[in-house]
Amino acid sequence: MSIRENINQIKATLPDHVSLVAVSKTKPLDDIMEAYTAGHRDFGENKIQEMVEKQEQLPRDIRWHMIGHVQRNKVKYMAPFVHLIHGVDNMKLLREIDKQAKKHDRIIQCLLQIKIAAEESKFGMSAEQAALILRSDETAQLDHIAIVGLMGMATFTENMEQVKQEFTKLKTIFDELKALQTPNCNLQTISMGMSGDYQLAVACGSTMVRVGSSIFGERNKNN
Ligand SMILES: *Cc1c(COP(=O)(O)O)cnc(C)c1O
C-alpha cells in the first residue's frame, strides 16, 4: 500500500480524540510530501539535525514533533519552529527550552517523558520526579514553556500483557499528575503507542500515537 493509503487507514481506526504523529525519521522528503499531500501535517523526528534540515525544505505549516532524546546544547536549533517536544526528562532541559523559546518570543509545548519500560536503556523520569517539576515554583516562572502532557515508551517485547501494564501505568500517572496544575502546566496529552502497539495504547488511554514503519515502511535497524 502507498503512504497515503497507510495514513488514511490508520486515521480511520483512530478515535477523534487521538491524534497521529507520522514518524518520518530516516525517510526522504518525498515520503513526507506524499503524506503531506494526503492532508497530514504532524511529523515526528528523533534527531534535531535531521528535523532542522527537513523543516528548511518542506512546507511551513508542518507541525514538527521532537520525539527523541534531546541534548540541551541542540535545543537552540529547533526552538524557532518545533511544535511539541515529547522527551523532556529533566529540569535543566526545561530551563534551556524556556530560554531558547524566549529568544523567539514563543511558548514551546513540552511533554514530560516518564520511564514506564523495564529496559535500562529507555530515558525518562519517575512519577515522583515529574510531580516535583510540576509543583515547583521555578516551573511556574518559566513562561515560555507549556507542559501539556506526558510521553512514554513501552518495553520492546512481544509480550502484550506487559506492554498493556506499562501503558496503564502511564495513564494512572497522568490522571494523578493532572490534578497538579500550575499556570504553565495543563496536562491534556498522553503520547504513547507506536506501529506495533498503538491500538493497545489507544485502548489504554493514549491521545497521541507516534507511528513510523506502518506508514512509511521499515527503516534500517537501529533507528
Ligand atoms: C521511531 C519511533 C517511533 C515510531 O516507531 P515505529 O515502530 O516505526 O512506529 C515512535 N516513537 C519514538 C520515540 C521513536 O523513536
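When a ligand or atom number is given, it counts from 1 through the structure's own listing order.
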field: Part of H86 within contact of ligand 1 (heavy atoms, under 4.0 Å)
entry: neither
field: Subset of ligand 1 atoms that lie under 4.0 Å from at least one heavy atom of R210
entry: 4 (C), 9 (O), 10 (C), 11 (N), 12 (C), 13 (C)
field: More than 12 heavy atoms of other groups within 6.0 Å of Y77 OH
entry: no
- prompt: Of S24, G68, S214, S195, which has the heavy atom at the shortest distance from atom 6 (P) of ligand 1?
  reply: S195
message: Distance under 4.0 Å to a non-hydrogen atom of M153: what atoms of ligand 1 satisfy this?
response: 13 (C)
message: I need the full list of ring pair (Phe, Tyr, Trp, His ring centres under 6.0 Å) pairs touching residues 162-209, with sequence neighbours left out, sorted by first then second residue.
response: none
- line: If we number the atoms of ligand 1 from 1 as shown, the ones under 4.0 Å from a heavy atom of I67 are 2 (C), 11 (N), 12 (C), 13 (C), 14 (C), 15 (O)
query: At the 4.0 Å heavy-atom cut-off, does R219 count as touching ligand 1?
result: yes
- prompt: So if you build clusters from Ile, Leu, Val, Met, Phe, Trp, Tyr with side-chain heavy-atom gaps below 4.5 Å, do F81 and I107 land together?
  reply: no
- prompt: In ligand 1, which numbered atoms sit nearer than 4.0 Å to a non-hydrogen atom of V211?
  reply: 9 (O)
message: Is there a polar contact, in the sense of an N or O pair closer than 3.5 Å, between G212 and ligand 1?
response: yes
message: Check whether F43 forms a cation-pi arrangement with R63 (NZ or CZ under 6.0 Å from the six-membered ring centre, at most 45° off the ring normal).
response: no
message: So, taking the atom named NZ in K74 and the one named NZ in K47, what distance separates them when rounded to the nearest 0.5 Å?
response: 9.5 Å
message: Which residue in the set K25, K54, R210 passes salt bridge (Lys or Arg N to Asp or Glu O under 4.0 Å) when paired with E45?
response: K54
